[in-house]
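Notes follow once the structure below has been shown.
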Amino acid sequence: MQPTSKPGLVHLYCGDGKGKTTAAMGLALRALGAGYSVTILQFLKDGSSAELAPLRTLGARVLAGQTGSRFVFQMTEAERAQTRQYQSELLRTVLADPCDLLILDEACAAWQLDMVDRDLLQTAVLGRPAGREVVLTGRDPAPWMQQAADYCTEMCARRHPYDRGVPARPGIEY
């Protein structure tokens with residue numbers, strides 16, 4: 001059920017607080033429940049987060065763009081180039097298939113770290129098909145992302161257990 005009678009809007013969940021990806025995945029769940037087709041592309045993540053399995057079971061298409069287990073700042077130039085190429089290929093793949101809701105998780109980081117073809121990412125958002133909702137998540141969004149956003153929600157960290165040495169927990173943080 002494609003919502004073509006309504007304009008597809010851009011959602012931006014950004015900031016330094018917890019909940020950006022969680023908000024995006026909640027929207028994916030809602031869209032699936034309404035019969036929409038959902039595609040999720042996670043930049044710089046390995047696709048092992050606990051919410052992805054049930055979303056796949058409900059029909060979401062999920063792709064992850066991490067080629068290794070290291071953070072970008074730990075990668076060699078060759079690893080960075082390989083990851084950038086892989087993530088750009090995944091973005092081309094998802095753009096070739098129709099969907100009602102496209103979630104580009106950690107798009108802000110992929111843009112800021114130059115880990116995706118930037119022209120392609122901008123086209124994915126600004127040149128999206130009529131009726132397609134697009135969600136961008138991450139810290140430090142590019143100015144064009146902020147300008148393109150119809151919804152802009154900033155998560156602000158006031159307190160986080162990580163600051164007290166509590167590590168990320170499965171089922172809660174990932």
Side-chain angles (χ1 to χ4, degrees), residues 9-28 38-52 55 60-97 99 101-128 132-157 160-163 167-170 172-174:
L9 302 179
V10 176
H11 306 241
L12 176 60
Y13 304 135
C14 59
D16 64 357
K18 180 184 182 319
K20 298 175 290 289
T21 297
T22 304
M25 298 309 147
L27 183 58
V38 175
T39 299
I40 301 164
L41 172 54
Q42 289 194 306
F43 295 105
L44 304 169
K45 292 183 177 179
D46 66 5
S48 64
S49 208
E51 71 274 8
L52 300 178
L55 286 169
R61 180 177 184 207
V62 180
L63 297 105
Q66 182 74 358
T67 59
S69 60
R70 299 187 329 167
F71 293 109
V72 174
F73 71 88
Q74 298 169 319
M75 293 179 185
T76 65
E77 284 304 314
E79 291 169 327
R80 285 177 60 96
Q82 178 186 17
T83 300
R84 184 182 191 280
Q85 179 181 359
Y86 179 64
Q87 293 189 146
S88 296
E89 288 172 14
L90 286 179
L91 183 55
R92 279 186 200 87
T93 298
V94 300
L95 293 178
D97 291 333
C99 69
L101 174 62
L102 175 60
I103 296 175
L104 301 173
D105 190 29
E106 292 300 342
C108 299
W111 175 273
Q112 293 295 349
L113 297 169
D114 196 25
M115 295 302 290
V116 66
D117 179 319
R118 287 179 167 179
D119 290 335
L120 187 61
L121 181 56
Q122 265 190 305
T123 299
V125 177
L126 303 177
R128 68 194 175 281
R132 177 179 287 169
E133 297 281 317
V134 176
V135 176
L136 307 169
T137 72
R139 296 172 182 246
D140 303 318
W144 72 265
M145 293 175 176
Q146 294 176 17
Q147 292 166 358
D150 297 290
Y151 300 89
C152 183
T153 302
E154 183 175 359
M155 307 329 189
C156 179
H160 196 291
Y162 186 78
D163 298 332
R169 299 162 297 151
I172 304 299
E173 279 83 27
Y174 66 95

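By convention here, the first residue in the shown sequence is residue 1.
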Is there a side-chain contact between Glu106 and Gln42 in this structure, where contact means two heavy atoms from C-beta onward sitting under 4.5 Å apart? no
To the nearest 0.5 angstrom, please state how far the CD atom of Gln146 sits from the CG atom of Leu12. 6.5 Å
Can you name the nearest heavy-atom pair linking Ala107 to Leu136, along with the distance? CB-CD2, 3.8 Å
Heavy-atom check, side chain of Met145 versus side chain of Leu121, under 4.5 Å: yes
Between the side chains of Thr153 and Lys20, does any donor sit under 3.5 Å from an acceptor? no
So how far is it from Cys108 SG to Leu44 CG, rounded to the nearest 0.5 Å? 11.0 Å
Are Arg92 and Asp117 ion-paired here, with the side-chain N under 4.0 Å from a carboxylate O? yes
Does Trp111 offer a backbone N or O that forms a donor-acceptor pair with the side chain of Arg118 under 3.5 Å? yes
Can you find a pair of side-chain heavy atoms, one from Val116 and one from Leu91, that are under 4.5 Å apart? yes
Hey, is the main chain of Asp114 close enough, under 3.5 Å, to the side chain of Arg84 for a donor-acceptor pair? yes
Derivation of the side-chain contact (heavy atoms from CB on, under 4.5 Å) call for Leu27 and Tyr13: CA-CA 11 Å; Leu27 183 58; Tyr13 304 135; 3.9 Å; yes
Between the main-chain N or O of Cys99 and the side-chain N or O of Arg132, is there a donor-acceptor pair closer than 3.5 Å? yes
Could you go through Lys18 and Met155, starting from their C-alpha distance and side-chain angles, then the distance that decides it, and tell me whether this counts as side-chain contact (heavy atoms from CB on, under 4.5 Å)? CA-CA 7 Å; Lys18 180 184 182 319; Met155 307 329 189; over 6 Å; no
Can you tell me how far the CD1 atom of Ile40 sits from the CG atom of Leu101, to the nearest 0.5 Å? 7.5 Å
Check whether Ser49 reaches the backbone of Leu52 with its side chain - one donor and one acceptor, N or O, closer than 3.5 Å. no
Please tell me if the side chains of Thr39 and Ile103 come closer than 4.5 Å, counting only heavy atoms from C-beta onward. no
In sequence, state the C-alpha distance, the side-chain angles, and the governing distance for Val72 and Thr83, and then conclude on side-chain contact (heavy atoms from CB on, under 4.5 Å). CA-CA 9 Å; Val72 174; Thr83 300; 5.9 Å; no
So how far is it from Thr21 OG1 to Asp105 CG, rounded to the nearest 0.5 Å? 3.5 Å
Under a 4.0 Å threshold between the charged nitrogen and the carboxylate oxygen, would Arg61 count as salt-bridged to Asp97? yes
Which value, rounded to the nearest 0.5 Å, describes the distance between Leu120 atom CG and Ser88 atom OG? 6.5 Å
What is the distance from atom CE of Met75 to atom CZ of Arg80, rounded to the nearest 0.5 Å? 8.0 Å
Side chain of Glu51, backbone of Tyr174: donor and acceptor closer than 3.5 Å? no
Donor-acceptor check, side chain of Glu154 to backbone of Gly15, threshold 3.5 angstrom: yes or no? no
Tell me, do Trp144 and Leu126 make a side-chain contact under 4.5 Å, heavy atoms counted? yes
Are Val125 and Thr123 side-chain neighbours, meaning at least one heavy-atom pair lies under 4.5 Å? no
Look at the side chain of Gln122 and the backbone N and O of Asp119, then say whether any donor-acceptor pair between them is shorter than 3.5 Å. no
Is any side-chain heavy atom of Leu95 closer than 4.5 Å to one of Leu102? yes
Any His11 side-chain heavy atom under 4.5 Å of Asp150 side chain: no
Aromatic ring pairing Phe71/Phe73, orientation class (parallel under 30°, perpendicular over 60°, tilted between): parallel
What's the verdict on side-chain contact (heavy atoms from CB on, under 4.5 Å) for Leu104 and Val134, showing C-alpha distance, side-chain angles and the deciding distance? CA-CA 7 Å; Leu104 301 173; Val134 176; 4.2 Å; yes
